[in-house]
Amino acid sequence: MSKKLYLVDGYALIYRSYFAFIRKPLFNPQGRNSSAVFGFFRTLLSIMQQYSPESLAVVFDSMTPTFRHVKYPAYKATREKAPEDLHAQVPVIEEILKAMKFPQLRQDGVEADDIIATYASRAASEGWPCVIITGDKDLMQLVGKSVSAMIPDKSGGYAEVGPEEVSEKFGVAPEQILDYLSLVGDQSDNVPGVKGIGPKGAVDLIRRFGSLEGIYENLDQLSPGQQEKLQQERENAFLSRELITLKTDVQELPPPEELVLGDYDKEQVIRLFLREGASSLAEQLGTAKEVRAEKKEDSYSGENAEYISLLAADELDRLKKALLEAKLFALDVETDSLDPMKARPVGVSIALEAGQAWYIPLICEGTETLEEEGVRRMIAEILKNPDCTWVGQNLKYDYKVLKRWGIEDIQAKLFDTMVAAWLLDSTANTFGMDALAERLLQYRTIHFDDVVPKGKEFKDVPLKEATAYAAEDADITFRLYEYLKPRLEEEDLARTFRDLEMPLTRVLAEMEYAGIGLDGKSLERYGKELAKALDGIQKEIWDLCGREFNINSTKQLQEILFEERKLNPVKKTKTGYSTDTSVLEQLAEEDPVPELILKHRGLAKLKSTYVDTLPKEINPHTGRIHTSFQQTGTATGRLASKNPNLQNIPVRDEAGRAIRSAFIPRKGCRFISADYAQIELAVFAHLSGDETLSRAFEKGTDIHRQTAALIFGVDEAEVSPDQRRVAKTINFGVIYGMSPFRLSNELRISRSDAAHFIEAYFAQYPKVREFIDATVSETEKSGYVRTLMGHRRFVPGITSRNRTEKSGAERIAVNTPVQGSAADIVKTAMIKLDMALMEGGYRTKLLLQVHDELILEAPEDEVVRVSELVVHTMQTAVELSVPLKVSIEDGDSWGAVH
DNA sequence: ACGCTATCGTAC
DNA sequence: GACGTACGATAGCGTT
């Protein structure tokens, strides 16, 4: 034996790994604890990477009692039984070790320590190197000239230690560890030791007399107290030594030469890691690229999948018949652009069952493809059929591409795998197909960049590769469907999905497709005005400060304000002093510069975020702006808007209003804007059932005024504007779980006054507090909250012992049903409104949704009738215990309707 | 040149 | 530390 042998103390590493994450355990996608699996292999892989061992074994304890139990029945008796979720991970670790072809050792009647000791003693006598990976101090007795140990260090890694380090750490040499531990004992193994002798005393005794025998031979030299302890516990001392003495003669172990590492199926191990949710380990094992390259080889017509390029007209016809018969299929469009409002189809892939898919190229380098028109007709026919279900990943994208291609009549039912995955767990952060395949199917897809070289397009990809990629997309989408469908049912989300989210997907696609008109010219003019104004303010600031600097840089601003102008910092950020609005407002009281900075910032924000950006978003084909609504963008169920974000266009001040005014209706049309009055507070009243809060909605009184009257103890008619402002802040604050601290800051009042207001609020609305308490305690039990329509959000922090995290989780638990249910209501209204408009034969179109507001574009002669329809539909979208009120306006720009 | 984080600010 | 949900701009830093 010449190679260095690495011996891993299996259970020591498993325990350590499990408890390392005990405050924040890791879970695999099946929801089982995977801390031990992750920690175990993270350590193992890091050792592999650092030392590249050729020879290694993982050693486990036997499942049967050992000679130590026979000798001393109390052995390890005090040890707490391992938690069930730790125990369950052992077979998984064994499975992965097996897949990695790592030698595993265990033997009945002996412990891992004994096996390790047997090899170590051979290493010592034969002079070959050996390393023990463990956290167990018993094993330190084995360290010597050719045997070292790796123990956890402070940084979380493992450090190699030799005899000197052991002596340093314990104060005694490795060969004295045994006698040392016989005196000290071992709590975890219930080894008694000598009562009254601790680490300090033991080190002292061992140093003076060398060994246990040495001590007992020289008892007369000790203090009377120590003499007595040692006399009395003599038996325990020697029994202890016997227990912790390791066997070095375990028989029938494989010779060390056989404990070698070899090649193994990396792909298989990566899959196991992915199954356990350890994607970082999977990544570490083989770079994603390598694995994907391997994947490419066999996925074209591998064991698991058959992918066919469709090039013949009669095959297309046969496929159509099969589709109409199957009634459910995955269909995915390849295009030449990520922007569906610019993209042209390059090919279509279709899957009818898992493992089989077709790619129908329309444009493909070096291939004679089918006539585009024939394919278009075929797709149009199957998607027109209301009995069919179209399964897709991010359906809105394909829907819009196909609509632009001329497929306008899509009546097939929709099943979007991306939305389904989001509905099942909105706390995940990615819902892309590649990520879903890995997370849910443990399948690594071919990535776009692997098939399409930079600078090229999909149509440049040769047929074979194009088919492998495109058909896989359809195949995986189908498999995702098979995975997701039953889970939606199990989790009681199938109805929300079918009746709310999927009908909404179609409505959103239509809204995005319609777009909204923007007067780019007027914004450009405004931009020039702003540029001038900014220049002037900048100059003023520079003059006052005596030098030029970048006003947009918070870092430079800190220097100017807090160093050069010696202003007092108000609050800190992670990296320095804050310069946000509230700080600058305070500083403005003693210095003229902050006021100017505020002015500059406001205008700069307006210009860079809206005025300069929006005209660039005008689509060259349609001349309109087409935002994208993210149906999977939020954890509460709200929509999000991007490219551009039309949900945060300024509204409050005059400068911002100018931007809204640049949004204009088509010729002959007007905008209609309808918004729910205080929908979140109405939902809050409904969910809490608080009579007083509900009364405001029933009577249609101003909720903020009512709250002010109640907490200040005055008549509603006597409420001052200031009192109403305070009440408004509290009304919203309660929904968000605002603290007295925040409220006092917001209102510039003392913290005790703020606390007093909140108390008064709860006293007047008693069921609000009950609702909050009940919601928190239910969330603690179940781990999640649900909205009115059943949308679910996991709240992992709800069991945290960290106070900040715990209260953060409580705020989420309370806010999500409120915000999420409001979102549900608006979504429902959108679907019903879309249907009503269609049934009424109106040409009016929904264009935008801004959380509690809908914006429509109506031909002038429809405005009156549609306005009525909108109000009615929105107010009756769902039935709550309180009435919902909607206010409506029409105008010739967005600025005019708010 | 690109990607990431921090900070800031807009909306509801 | 301290109010929920988003998107996006700029600065500044690190990596390619």
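Convention: sequence-line order gives letters A, B, ...; per-chain numbering from 1.
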Return no unless some side-chain N or O of A:Arg652 is found under 4.0 Å from OP1 or OP2 of B:dT10.
no
Would you indicate, yes or no, if C:dT5 has its OP1 or OP2 atom less than 4.0 angstrom from a side-chain nitrogen or oxygen of A:Arg793?
yes
Within the pair A:Thr573 and B:dT7, is there a side-chain N or O less than 4.0 Å away from OP1 or OP2?
yes
Between C:dG4, B:dG9, B:dA11, which nucleotide has the shortest distance from any of its atoms to the side chain of A:Thr581?
B:dG9
When we call it a touch if two heavy atoms are under 4.0 Å apart, what does A:Leu743 touch: a base, just sugar-phosphate, or nothing?
nothing
Taking OH from A:Tyr610 and C1' from C:dA9, how many angstroms apart are they, rounded to a whole number?
10 Å
How long is the line joining NE2 of A:His791 and P of C:dG4, in whole Å?
17 Å
P spacing across the pair C:dG1 / B:dA6, given as an integer number of angstrom
14 Å
B:dT7 OP1/OP2 closer than 4.0 Å to side-chain N/O of A:Thr575
yes
Between C:dG8, C:dA9, C:dC3, which one does the side chain of A:Lys605 approach most closely?
C:dG8
Kindly point out which of C:dA6, C:dG8, B:dC12 is positioned nearest to the side chain of A:Val651?
B:dC12
Taking the basic N atoms (NZ, or NE/NH1/NH2) and the acidic carboxylate oxygens, is any pair closer than 4.0 Å for A:Lys806 and A:Glu810?
yes
Distance below 4.0 Å between A:Lys555 side-chain N/O and C:dC13 OP1 or OP2
yes
Nearest to the A:Asp580 side chain among C:dT10, B:dC8, C:dC7, which nucleotide is it?
B:dC8
Does A:Lys574 have a side-chain nitrogen or oxygen under 4.0 Å from the phosphate oxygens OP1 or OP2 of B:dA6?
yes
May I ask you to say whether A:Lys396 pairs ionically with A:Asp416, meaning some side-chain N is under 4.0 Å from a carboxylate O?
no
For a quick test of reading the model: is some side-chain N or O of A:Asn645 closer than 4.0 Å to OP1 or OP2 of B:dT10?
no
Base, sugar-phosphate alone, or nothing: which one does A:Val814 contact when heavy atoms must sit under 4.0 Å apart?
nothing
Any salt bridge between A:Glu529 and A:Lys607, counting N to O under 4.0 Å?
no
Taking atom P of B:dG9 as reference, at what distance in whole Å does atom NE2 of A:His600 sit?
13 Å
Is there a donor and acceptor pair closer than 3.5 Å between the side chain of A:Arg638 and the base of B:dC12?
yes
Picking from C:dA9, C:dG1, B:dT7, which would you name as closest to the side chain of A:Ser608?
C:dA9
Please check if any side-chain donor atom of A:Ser641 sits under 3.5 Å from a side-chain acceptor atom of A:Gln647, or the reverse.
no
Compare the minimum distances between each of C:dG4, B:dC8, C:dC7 and the side chain of A:Arg601, then state the nucleotide with the smallest one.
B:dC8
Looking at every strand, decide which applies to A:Thr816 at a 4.0 Å heavy-atom threshold: base, sugar-phosphate, or nothing.
nothing
So does A:Gln678 get a side-chain nitrogen or oxygen closer than 4.0 Å to the phosphate oxygens (OP1/OP2) of B:dC12?
no
What nucleic acid atoms does A:Ala635 come within less than 4.0 Å of, heavy atoms only: base, sugar-phosphate, or nothing?
sugar-phosphate
Below 4.0 Å: OP1/OP2 of C:dG12 and any side-chain N or O of A:Ser553:
yes
Ring centres of A:Phe663 and A:Phe671 under 6.0 Å apart?
no
Under 4.0 Å between any heavy atoms, over every strand shown, what does A:Gln556 touch: base, sugar-phosphate, or nothing? Just pick one.
sugar-phosphate
When you measure from the side-chain N and O atoms of A:Thr579 to the phosphate of B:dT7, is any distance below 4.0 Å, counting only OP1 and OP2?
no
Look at the side chain of A:Ala640 and decide which nucleotide, out of C:dC7, C:dA9, B:dA11, has an atom nearest to it.
C:dC7
Carboxylate-amine/guanidinium contact A:Arg793 A:Asp425, below 4.0 Å
no
Interatomic distance where CZ belongs to A:Phe732 and P belongs to B:dC12 [whole Å]:
10 Å
Would you state whether a donor and an acceptor, one from the side chain of A:Asn648 and one from the base of B:dT10, lie under 3.5 Å apart?
yes
Quick check on DNA chain C: between A:Met738 and A:Asn550, whose nearest nucleotide comes earlier from the 5' end?
A:Met738
Check: A:Phe757 ring centre within less than 6.0 Å of A:Tyr761 ring centre:
no
Using a cut-off of less than 4.0 Å, is there contact between a side-chain N or O of A:Ser578 and OP1 or OP2 of B:dC8?
yes
Send over the distance from A:Ile551 CD1 to B:dG9 C1', rounded to a whole Å.
17 Å
Taking CZ from A:Phe663 and C1' from B:dA11, how many angstroms apart are they, rounded to a whole number?
13 Å
A:Lys642 has its side chain closest, among C:dC7, B:dT10, B:dC8, to C:dC7
For the rings on A:Phe497 and A:His791, is their centre-to-centre separation under 6.0 Å?
no
Send over the distance from A:Leu584 CG to B:dC8 C1', rounded to a whole Å.
10 Å
Taking CZ from A:Arg811 and C1' from C:dT5, how many angstroms apart are they, rounded to a whole number?
14 Å
